[in-house]
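Notes follow the structure.
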2 protein chains.
Amino acid sequence: MRKNGLSRLIDVAVAAGVSRSTASNVFSAPDRVRPELRERVEAAARALGYLGPDPRAKLLRAGKVNAIGVIPPAELGVADTLRNPVFAKFLLGVGEACDMRGASLLVIPDGPAHHGTRSALVDGLIFGRIEHLGMVRPAQLRRLPFAVVDFDAGPEIGTVKVDSRLGSCEAARHLIALGHRRFAIVSFLRSAGPARVYPPSRHRSPEVAGMFIDQEKLRGYADAFSEAGLDIAEVPIVQANPWDIAAAPIVLDAAPEATAILSMSVMQALAVVKEARRRGIAVPSQLSVVGYNDIAEAAQSEPPLTTIDARGVDKGRLAAEMVFAGGPPRQEILVPRLVIRQSTAPPPRR
Amino acid sequence: MRKNGLSRLIDVAVAAGVSRSTASNVFSAPDRVRPELRERVEAAARALGYLGPDPRAKLLRAGKVNAIGVIPPAELGVADTLRNPVFAKFLLGVGEACDMRGASLLVIPDGPAHHGTRSALVDGLIFGRIEHLGMVRPAQLRRLPFAVVDFDAGPEIGTVKVDSRLGSCEAARHLIALGHRRFAIVSFLRSAGPARVYPPSRHRSPEVAGMFIDQEKLRGYADAFSEAGLDIAEVPIVQANPWDIAAAPIVLDAAPEATAILSMSVMQALAVVKEARRRGIAVPSQLSVVGYNDIAEAAQSEPPLTTIDARGVDKGRLAAEMVFAGGPPRQEILVPRLVIRQSTAPPPRR
DNA sequence: ACAAAATTTTGGATCGATCCAAGAAATCAT
DNA sequence: ATGATTTCTTGGATCGATCCAAAATTTTGT
């Protein structure tokens, strides 16, 4: 017994009259110990209340923790991460991969100085956002397997991406195929603040052009428009914080003549549907709405929302499998899928 | 530089021409080292690509990991845990507490032999269910601070509980106060399988009496009924797996004359509302429904669901704070709150 | 019964740092 | 310049296990 009251492997060994190594073997390789001796050691362990090797010490030698770490987008804490339904789906995928190997999942809020990356006790890391590019090198140097998600970090680094340009293109194509010609787009506003409206003709202003991920999606919309001989420059764009559902009325006001709304976020799309119904605009017969990302609420909305399944779960699973598997870095690109529900229909006749 | 390519503190020390201790101090107590020397060490570290003390070794001495572990109900893996909205709320609360201390959150799927409990690298543990009672002793012996949630483990052990008897009593009181007299109860079926109906008079059968948590809630309903001079024995009970929303039709069929449904799960309550509307039964004017547990879907349902807020977030936060704070074991009992929305109204006149 | 082979057990070294008491160097007082 | 302080730096011990090669023991073959 020690001063701190906990007994160690060596205490057990002494009590059982064997060497440390033998005692160690009883716990980690029982077959190597003669049954008789093994029982003696086990009895001693029981008597001392010894619970098996201390995971910390074990770790020091073995180096394996049996856990994977996920570092959420920079500004998010643990709670925010869990609260965000889109990110939660991703986490779910990571969780699935963990379950396959019986590993644990660590959510690491990234404090200042990337303390999390440097000190987390994990076998590998998954970086969730662009802001983490600076942490890639530290992780590399720590020789920790890791993968990045949703951004390009070069061929040296395992990556899982979703082709969001294609995804939003599909969304727009779907509406165009239904016959829509008058649209409005709900885009992202990264900086905090109220929604902003960009009427047609103001698209080339730097605020619109300068966004990052959203830019991909905007290109996707533009692809579909030009395929159909339409010009995206004639479509009004509303930028809103993806979670600021109070922006829905602004969207509807900004494009009263639109028959279809393309939203880069699900939450906005759901909010627009709700607001439209509140105003007595029938969805989908008078107004069609397509979102981006498929979450539970989308299926349960009234009417259920047509949206893009951005493969969040698969993304998480693949990233985690990459980390677990080790091996040379791979680049995976997932293809988003259009999920057609009841928020889209041909435009009303005039 | 080592064979494995990673440099250690000692390599840095040698390169800088100082002792290990001094090098160590540069990273953990910079003020103790003369600026000139410190810079020399830092330069050496940079040159060798040394990233600071290895968290694993640090841990062996210090014992702190800056992470808290949550062990979900036995049969759930990591993914199931995140998928379950009720448990996810609890996790959210734990996450909030983590954010306050900048700690990480580890979700530990509990494999066979409680391997997780024994080997998880955390500063403390939270046990999420009755099945974990057997793991309490191991944790105690490991001298790990821990808390249990939702079940009584004796005065020696920190506990956060929610008074579910009171919660369900409130639910029933609410309906009774609105004037309802004919009810049906949706209870839990722990074993897998299809829903079962227990008409009045069969309440005392062992399947009904033998359930655990649900028993508390049933008592709560009974409390409210007897306050109003009603007898719960006259109320039909449907037992269904809490997630088996296919059971909703069975509920409505089992009690066609009921004007109000008391459900022990939110999901069932939401399913019942949906099914009722599908059948053309107006909610709440013809049928009132009260759930138990408040999740996002409940507020977004059509109509929004009246339900019991079982304080999931607070429960998680308190449990985590207990673990972080250490100190003598406390027993917290949270009081559930009735959240009145639009799924309840006075019964229809006949 | 004795050597050879197979199985068990053992002690020393190691994983990568931190702590602490003691030694060395620099600063100050007289 | 000498001793007394104060500030830095150092090596040895430690955290709690595992690994490995060598020693001890048991089993097998003839």
Side-chain angles (χ1 to χ4, degrees), chain A residues 1-41 44-45 48-66 118-119 121 123 141-144, chain B residues 1-42 44-45 48-65 118-119 121 123 141-144:
Chain A
M1 199 70 85
R2 307 301 314 300
K3 40 199 164 188
N4 67 17
L6 251 55
S7 33
R8 304 158 304 173
L9 184 59
I10 193 172
D11 301 316
V12 174
V14 168
V18 299
S19 73
R20 285 166 299 132
S21 308
T22 300
S24 174
N25 281 334
V26 168
F27 292 98
S28 45
D31 339 339
R32 304 210 148 184
V33 181
R34 194 156 30 102
E36 176 205 322
L37 247 199
R38 189 187 337 168
E39 263 174 43
R40 214 165 78 211
V41 173
L48 289 172
Y50 181 76
L51 285 152
D54 181 325
R56 304 198 300 270
K58 205 166 183 162
L59 170 63
L60 180 54
R61 276 208 77 88
K64 279 284 168 197
V65 197
N66 201 32
R118 305 181 112 97
S119 72
L121 286 159
D123 300 326
L141 289 171
R142 219 180 121 192
R143 291 288 155 97
L144 225 44
Chain B
M1 200 72 82
R2 306 302 314 300
K3 39 198 165 188
N4 68 18
L6 251 56
S7 34
R8 304 158 303 175
L9 184 60
I10 193 172
D11 302 315
V12 174
V14 168
V18 300
S19 72
R20 287 165 297 134
S21 308
T22 299
S24 174
N25 281 334
V26 169
F27 293 97
S28 46
D31 339 338
R32 303 209 148 186
V33 181
R34 194 157 30 102
E36 176 205 322
L37 248 199
R38 188 187 339 170
E39 263 174 42
R40 215 165 77 212
V41 173
E42 277 165 351
L48 289 172
Y50 181 76
L51 285 153
D54 181 327
R56 304 199 298 271
K58 204 165 183 162
L59 169 63
L60 181 54
R61 279 207 75 90
K64 278 285 169 199
V65 196
R118 306 182 112 97
S119 73
L121 286 160
D123 300 327
L141 288 171
R142 219 179 122 193
R143 292 286 156 96
L144 225 43

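We name chains A, B, ... by the order of the sequence lines, and we start the count at 1 in each one. Since we're looking at a predicted model, the values are computed, not measured.
Closest to the side chain of Leu9(B), from the set dT18(C), dA17(D), dT18(D), is dT18(C).
Counting non-hydrogen atoms under 4.0 angstrom, Tyr50(B) reaches the backbone sugars and phosphates but no base.
Following rounding to the nearest Å, Asp11(A) (CG) and dC15(D) (P) show an atom-to-atom distance of 10 Å. Rounding to whole angstrom units, CG of residue Leu60(B) and C1' of dT14(C) are separated by 12 Å. Atom P of nucleotide dT9(D) and atom CZ of Arg38(B) are separated by 10 Å, given to the nearest angstrom. Arg8(A) places its CZ atom 14 Å from the P atom of dT18(D), with the value rounded to the nearest Å. As rounded to whole Å, 9 Å separates atom P of dT18(C) from atom CZ of Phe27(B). Lys58(A) places its NZ atom 10 Å from the P atom of dA17(D), with the value rounded to the nearest Å. Nucleotide dC15(C) holds its C1' atom 12 Å from the CD1 atom of Ile10(B), rounded to whole Å. Atom CZ in Arg61(B) sits roughly 15 Å away from atom P in dA17(D) (whole-Å rounding).
Each end of the helix from dA1(C)-dT30(D) to dT30(C)-dA1(D) gets its own rotation axis from five pairs of C1' atoms, and the angle between them is 30° to the nearest 10 degrees.
Residue Arg20(B) is the one, among Ala57(B) and Arg20(B), whose nearest nucleotide of DNA chain D lies closer to the 5' end (criterion: closest heavy atom).
Nearest heavy-atom pair across Ala23(B) and Leu9(B) is CB-CD1, 3.7 Å. Across all their heavy atoms, Val33(A) and Asn25(A) have their closest contact at CG2-CB, 3.6 Å. For Val65(B) against Leu121(B), the heavy-atom pair with the smallest separation is CG1-O, 3.5 Å. Pairing each heavy atom of Leu48(A) with each of Ala15(A), the nearest pair is CD1-CB, 4.0 Å.
Atom CG of residue Leu60(B) and atom CG of residue Asp54(B) lie 10.5 Å apart, to the nearest 0.5 angstrom. The CG atom of Asn66(A) lies 11.0 Å from the CG atom of Leu59(A); values are rounded to the nearest 0.5 Å.
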Name the pairs: protein N/O against N/O of nucleotides 4-7 of chain D, kept only if under 3.5 Å.
none

Heteroatom pairs (N/O) under 3.5 angstrom, protein to nucleotides 6-9 of chain C:
unit_1 : atom_1 : unit_2   : atom_2 : d
dT9(C) : OP1    : Arg34(A) : NE     : 3.2
dT9(C) : OP1    : Arg34(A) : NH2    : 2.9
dT9(C) : OP2    : Arg34(A) : N      : 3.2

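Inter-residue side-chain proximity for Leu37(B) and Arg40(B) is flagged as met; some heavy-atom pair is nearer than 4.5 Å.
Annotation: ring pair (Phe, Tyr, Trp, His ring centres under 6.0 Å) contacts involving residues 19-42 of chain B, sequence neighbours excluded, comprise Phe27(B)-Tyr50(B).
Every side chain to side chain contact (heavy atoms under 4.5 Å, CB included) that Arg20(A) has, sequence neighbours left out, goes to Ile10(A). Shown here are the side chain to side chain contact (heavy atoms under 4.5 Å, CB included) partners of Ser21(A), two or more places apart in sequence or in another chain: Ser19(A).
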